[in-house]
Every structure is written in C-alpha cells, then in structure tokens.
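Lettering follows sequence order; numbering is per chain, from 1.
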Amino acid sequence: MSCDCCGKKEKALEKLMKLEPKKTTELVAFIDSLPLGNDIDANRGCLIETLHRAQTIFGYLPAEVQQLVSERLKITRSEIYGVISFYSYFTDKPIGRHKINVCCGTACFVKGATRIVDEFKSKLGIKEGETTPDKKFFLGVLRCVGACSLAPVVMVDDHVYGKVTPEMVSTILADYQD
Amino acid sequence: MNHYRTQILLCAGGACISSGCESVRDALLREIKANGLESEIEVITTGCMGMCEIGPMMVVSPEGIFYQKVKPEDMADVVREHLVKGCVVERLLYKRADNDELLRFMEDIPFFKLQKKIVLRNCGKINPEKIEEYIAVGGYEALGKALTSMTPEQVIEEVLTSGLRGRGGAGFPTGLKWKFTAKESADQKYVLCNADEGDPGAFMDRSQLEGDPHSIIEAMAIAGYAIGASKGYVYVRAEYPLAIQRLSNALDQARAKGLLGENIFNSDFSFDLQIRMGAGAFVCGEETALMRSIEGYRGEPRPKPPFPAQKGLFEKPTVLNNVETYANIPYIIMHGGAEFAKIGSGKSTGTKVFALAGHVNNSGLVEVPMGITLREIVYDIGGGIRGGKDFKAVQIGGPSGGCIPKEYLDTPVTYETLPTLGAIMGSGGLIVMNEDACMVDVARYFMDFIQDESCGKCTPCRIGTKIMLDLLNKITHGEGTEQDLEQLEFLAGQIGKSALCGLGQTAPNPVLSTLRYFRHEYVEHIKDKHCRSKVCRSMLRYTIDAAACKGCGLCKKACPADAISGERKAPHSIAADKCIRCGACMEACPFTAIEVK
C-alpha cells in the first residue's frame, strides 16, 4: 500500500514498529477491523474514531502515527493534521502520565474554579496546557464534565473529584504517587 | 426468574459515582450476603435520580423509603435495621432545611414533588444496562405501535399535534422537521441525535443517556420509520465516557432482541444506529458542523439553505434532534399528541429538563412543566440560595443565553417569554448566581468561552468576539472607558446579524443581557474602578486595620510579593503598588485585621 501524498511505502509502520511494537500492533489491529476501502469519503467517516483510539493507545498523536493513519485510510497528512488541530481533544505533543483537568464550566466558574486552577499551577509550577518536567502531570482546563452539582470539579484521568477546595489540591496530587 | 421481597434502587448517575456509590454498592452486597439475604433482596443500580447534591442515594422498595448521603459504613445498619428488622434508619433520611422534619419518601421532598417526569420517566427507576427492565416499564411498545398500527404520516401527524419543539435550544417544531425530511425522496436518509452537550453547566443529555439509553434508541427508530431512513448516528461528546459505554451496551442489546436491524417487528422497516464520538469542539453542537464532524472533517458549519432536510449528512436528507427531544417521542406515540399538548403553556408544550446548579441549595436534574416560573424552580425546587445570601441572577441558555435578574423571577418559562427578557430556553443549563457573582466577569467568562470555541470560519465570529473579549478584559482590569460600552453594543449588533451560524449569532447575548440589567456594574468598573462582588482582582485594595493588627508578622511571611512591611508588635501596612492581590495575607491573619475593598 502506498501513501497518496508522498509515495513512501509504509515507512511509518516500520518506524513505529521499531519504536513501539506493542502499541503499533494494537493500533494496526484496530485499523484492520474497520470497514475501510477505496472510497475515501467512507474511510473519512472512520478518521475521528481512529484518532481517538490512536491517542488512547499512544497518549498523543506523534507524526509517525499520523503518517500511519494517513497511509491506511488513504487520507492526506495535511487533512489529518487539520482535523487534529481543530478538535481540542487531540494533541500531537506528549503529555504527562496523569491528566489533571480542572472543569471551568459555568457552575464551576461561579463556584471558584479559577482558585483551583491557580492552586494547581502554584503546586505544580506549570501553566495550563503544560506538563511537569518529570512528565508526571499534565494540567488542563475543561469546559464542562457535566457534574455541575458537585462544582467545582476536577478530573484526574477518569476519576472525578467533586466539591474541590484549594486545600484539597495537595491531597488530590498525593493520590497519584507512582 | 427470582422473586425478591425487596428491591433497592441505588443511584449510579455520574455525580453519585463521583460521590462514591460504587463502594456503597459493594458494602451493601457484602452485608446482604453476610445476612444470607441474597435470594430475598435485589440491588439495582439506576441512572440519575436527580438530586445530585445529596448523593449517593437509594430507594428501598416496595415501601419507597428514601435514604440520602449514604456511605459504605451505613450499609450494615440499612441491612440489619431496615431489611432484617423492618425499622427505618432515621439518620439517613432527608431532613427539610426549613423545619428539620424527616421525610421518608422521595415524593414528599419538595425537590421531587413539583416535578413532572416525561423525559426522565425511567431515570432512577430502572437499570439502564438491562433492556428487560426498559421493556418491563413499557419500553419499545411505542415503536411496536408505530410499526404495526400507524403509517409514517400518522406518526408525523401525532408529533405535530403534540406541539413538541426542539429541546436543543432553538425550539423548532419537531413534527415539521420530520415532515420536511419525509417529503424528500432519496436512496438514503439519516436520523441523527445530537448528544454533543457542549453548553458549560448542562448535564441533561448526559443523565438521559446514562440513565435511560433505550428511550433514545426507540425514538430514533420511530423517527427513522416516519421519515423513511434506515440508518442513524448518535453524536456524543468524548467527555461522557459512561454515556457512550451505556449507549453502546444498549445498542448491542437492542440488536440482539431484533429491535434494531432488519424487519423490525416483522415489518418492512429496517433500521440501525451507530455511535460517533465528538472530540472537544463546542461548535459541533451546530447541526451542519455536527454533520461535517460525523463525515470525518473539521467540524465547521456551512450556510443554510440547503437545510439538512434536503441536504444533510453525506448530502442526503437528514433529521437531527436533540437527546431530550427524542426522549419525548415514545410518550407522544403511546399517549397521543393531544394528551402531550395538554402539558405546558400555550405554544410551549410538554416539559423541560433543567440542570440546576450554581449557588442554589438543591442542585441537580429537574424536569418541570413548561410555563412554571423561575421562582418556583429556584426557590421551591431548588430550595433557594445557599448560605442565606441574596439572589442576583439566573443564567439560562448558556453561552447563547442571558442573565435574568430578580425582578423577573415570576416570569413563566416558555419559548416565547424568555426571548423578551434577552435570554433563550437553551438546552437546559440553569445557573443560579448570588451577590458574589460579578456580572461583568460572567459576561467576560462567556465571551472567553465563545472566543476559544469559535471555529474561525467567518470573520464576525472569529475577530468580532476577540475584540469584544479584549474590551471586557479591559473593563474587568479597571482600564475601561465609556466608549468601550458603546463599542460592545455596536459589535454585539453586528455579530448577531452577520455571523455564519447560531454560535456566532447568539454569542453577544450574555453581554447584551448583562448590559441590559446590570449596566450599573459595568459603569462602576469603568468610573469608580470598583467591583462590588470583589471578583475583579485588579480593582481590589487590601488594607490593614491598624487597630486590629497585633504586629504578629504572619501576613508579612505569607506575602509572596514582599508588599507588607512593619515592625514586630506594631501595626503593619501593605504597599499598594507591590500588592498582587492574591489574598494570602488575609488567609494568614489570625486577627481578621486585613480588609479588602
């Protein structure tokens, strides 16, 4: 199978297999399970799903992964990058092992989410959208996790902490000593 | 099949999971086993019961005793006292805030008493992960009735008669949408469900999908039959993993039972559904953007016409409705459109689900008949303002809506009345704000949201909202001028008229409505450099009351900016030019000698 945009033959796959054999095999198996064909419009319908899966597997979407998805779905790299940069869920930069997301939805906002963000920033010494130098924590803000009754809310990975106070920030961080 | 003498319904809505309902369930099952009651007591985990504030909660049926704020360690008492001896565990009952009366039943609690449940009819009553439970409460009967005894035209007629309008916010009559799409002839049509609940502060659709996913599948199949579509997609936000999991489980079960797939109910009608996940883009709640996203493109909206009824997903005729809209459909088919139209007020028929949150005592999910007043929602159901503070405004309709002040609390909530107040029905986010909320900052918050979420396709939204945000930032930093207000109003008008899609056209609403009711707060920020709610930090002045200061030096130690000076045991002072207004001194002072103005 060749890539439409540059004609290189499955180079991305070889490269990825060397770097991350287990993760790559998992992604390839997922892509193989999709109903892909020569109809690019139909393949495109599977793109966002594929990127979601790839990001779950790799933690982010490095250039090699984008290239592999491009080759398999027959969609150009530029278009794939356009999709990645459009949706805030996707990232092409490696992020920390634990994703801290402070909810800044309206309910959390009126109940002091800004103070929670500030506390995380000062405890971790990073800004929103950044990862700590030890690659342990990523700090982000979310628009609403839909747990407004528990505002303000913090989500670490898949766990939701409700009615968070600035004092709770250290205890939350202490839950993730690996 | 086992017959149990008692069933315990345990809320496993998103909020109760966060409050620890899973460990409560484990403890409960352990205690039941320890007492040898496994064959007598069944534990059912349900979707959201609504009053998320007091979760985790449970109902012991058939008596219907309602326990709240339950913890794993309470389960020994629930089993030994209630299930074995038959004595209610009083300390877990709900206590009325006003007179300390203990209420045993859910129906007696004002929060539940004033609600009317059509959309949420099964939420909190059945296990959303078992199709048998949905069928047992009459689920899929409406689909059966439509397929076996009604023509597609009759289905549409019934929906038209019901007066049901789109619950996503705009309020377009659902029956008309279906009628337009049914009229088109095409080799393929699509039924879509918008579950991209992006409005910050709203969780109705999440609770519906988590608590009663089959109701949406059933309704979408009915819509498919009405318009002649055999395929559909549910577009769910990626932020709702539990909703996606429960919906996908429900789809598998429906397929296994033949309620999705070929020749449903032995009719000629075939229909199947797929889930598509969003990826964090608010604009994808707009119908044309949502369709682009399902197709796998960047989710940018396009001009209308052509409308989705003519050219929608993959250029084919498409019906798109919101989760809550669909949830009404089985009820309408079973009870008739006329019966549904009796609920509500005037042209706003039926009920509306609101996500009540903010500075209110009872936050949670509520379903009320249209035409109820805001006062009833905030005070009678919501239990008033938390901590005895004063009510300031209620924000309704999210980033496209507006803030309604005290004077209009007695306004009935309908599609017609809210726009006259500068707000909209919206999808159902209802945020109550007390005197601590700065309305200029609230306007800035929404503009910041919109600016961040603007897709950038059209100039008015991309650049206009940026300029509006800059102006609002200027005002909240104490650098605003009166011309800024004029410019805000001018831009608001221009953007409203010229933006491409609903997101941009309604983006100025929060600013316009706060300017309409709280202009004095804007003026205070500009002229007096004063924020009455003490939210806008750059306007705060920290001072030390010399009489109260004992000169302990704790504030000096706490100050990260070295702005505090003073000798030990003598009154200290704060240098205003160095102060970064972080409030650390105030927290450190044991004598409350530090004041903020």
Side-chain angles (χ1 to χ4, degrees), chain A residues 40-53 55-56 73 75 79-91 101 103-115 118 122 140-151 153-155 158-163 166-167, chain B residues 14-15 17-19 51-53 55 197-207 237-241 243 276-282 284 293-300 314 355-359 362-365 395 398-399 429 431-434 436-437 442 445-446 449 452-453 455 582:
Chain A
I40 294 179
D41 283 339
N43 291 356
R44 192 179 282 115
C46 302
L47 175 60
I48 292 179
E49 206 183 338
T50 310
L51 294 176
H52 267 299
R53 182 58 73 97
Q55 185 157 304
T56 310
L73 271 62
I75 297 170
E79 190 181 327
I80 289 177
Y81 185 73
V83 168
I84 293 172
S85 61
F86 183 84
Y87 294 99
S88 62
Y89 221 79
F90 298 132
T91 171
N101 272 305
C103 179
C104 285
T106 320
C108 292
F109 170 75
V110 302
K111 285 193 152 179
T114 327
R115 281 167 54 217
D118 288 347
S122 86
V141 294
L142 268 185
R143 283 312 187 182
C144 185
V145 298
C148 314
S149 316
L150 303 175
V153 166
V154 171
M155 209 168 156
D158 279 337
H159 188 82
V160 175
Y161 293 87
K163 299 184 181 171
E167 292 73 41
Chain B
I17 290 181
S18 307
S19 308
M51 204 169 175
C52 314
E53 184 74 35
E197 188 170 49
D199 173 357
F203 50 93
M204 303 77 53
D205 297 348
R206 165 188 177 153
S207 304
R237 330 171 50 194
E239 286 88 340
Y240 291 173
R276 282 285 179 268
M277 242 160 109
F282 177 67
C284 287
S293 184
I294 293 180
E295 290 167 4
Y297 290 100
R298 292 161 68 93
E300 287 173 350
F314 301 117
L356 188 60
H359 299 130
N362 309 327
S363 57
L365 197 66
Q395 210 286 340
I431 310 279
V432 179
M433 288 182 268
N434 68 14
D436 292 340
V442 167
Y445 165 80
F446 282 113
F449 177 87
D452 196 40
E453 293 294 345
C455 78
C582 65

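In this structure, the portions of B:Ser293 lying under 4.5 Å from any heavy atom of chain A include both its backbone and its side chain. B:Cys582 does not touch chain A: none of its heavy atoms, backbone or side chain, sits under 4.5 Å away. Only the backbone of B:Ile294 comes within less than 4.5 Å of a heavy atom in chain A; its side chain stays farther off. For B:Tyr240, the part lying under 4.5 angstrom from a heavy atom of chain A is the side chain only. For chain B, the nearby part of A:Asp118 is the side chain; its heavy atoms alone come within less than 4.5 Å.
Atoms CZ and CZ, on A:Phe109 and B:Phe446 in that order, are 8.5 Å from each other to the nearest 0.5 Å. Atom CG of B:Asp452 is separated from atom OG of A:Ser88 by 8.0 Å, given to the nearest 0.5 angstrom. Atom CZ of B:Phe282 sits about 11.0 Å away from atom SG of A:Cys144, to the nearest 0.5 Å. The NZ atom of A:Lys111 lies 11.5 Å from the CG atom of B:Asp436; values are rounded to the nearest 0.5 Å. The CD atom of B:Glu239 sits 9.0 Å away from the CG atom of A:Asn101 when rounded to the nearest 0.5 Å.
Chain A forms the most heavy-atom pairs under 4.5 Å with one residue out of B:Ala279, B:Pro200, B:Ala355, and that residue is B:Ala279. Among B:Gly201, B:Ala15, B:Gly55, the residue making the largest number of heavy-atom pairs under 4.5 Å with chain A is B:Gly201. Per-residue heavy-atom pair counts under 4.5 Å with chain A were compared for B:Glu295, B:Met433, B:Gln395, B:Met51, and the maximum is reached by B:Glu295. The residue among A:Val145, A:Leu51, A:Leu47 with the most heavy atom pairs within less than 4.5 Å of chain B is A:Val145. Ranked by heavy-atom pairs under 4.5 Å with chain A, the first of B:Gly299, B:Ala437, B:Ala202 is B:Gly299.
In this structure B:Glu453 satisfies the salt bridge (charged side-chain N to carboxylate O under 4.0 Å, His left out) test with no other residue, sequence neighbours excluded. Qualifying side chain to side chain donor-acceptor pair (under 3.5 Å) partners for A:Glu79, counting only residues two or more places apart in sequence or in other chains: A:Arg44.
Using a 4.5 Å cut-off on side-chain heavy atoms (C-beta onward), B:His359 and A:Val110 make contact. B:Ser19 places a side-chain heavy atom less than 4.5 Å from the side chain of A:Leu150. Side-chain contact check for A:Ser85 versus B:Arg298: some heavy-atom pair is nearer than 4.5 Å.
Of all the heavy atoms in B:Cys455 and A:Phe86, the pair that sits closest is CB-CE1, 3.8 Å. For the residue pair B:Tyr297 and A:Asp41, the shortest heavy atom distance occurs at OH-OD1, 3.8 Å. Contact between B:Tyr445 and A:Thr106 at its shortest, heavy atoms only, is OH-N, 3.0 Å. Between B:Ala238 and A:Tyr89 the shortest heavy-atom distance is O-OH, 3.5 Å. Of all heavy-atom pairs spanning B:Phe203 and A:Ser149, the tightest one is CZ-OG, 3.7 Å.
A donor-acceptor pair is defined here as one N or O able to donate and one able to accept, closer than 3.5 Å; no such pair exists between the side chain of B:Ser18 and the backbone of A:Tyr161. With hydrogens and angles ignored, the 3.5 Å screen pairs a side-chain donor or acceptor of A:His52 with a backbone N or O of B:Gly278.
For B:Asp199 and A:Arg143, the salt-bridge test fails: no basic side-chain N is under 4.0 Å from an acidic carboxylate O.
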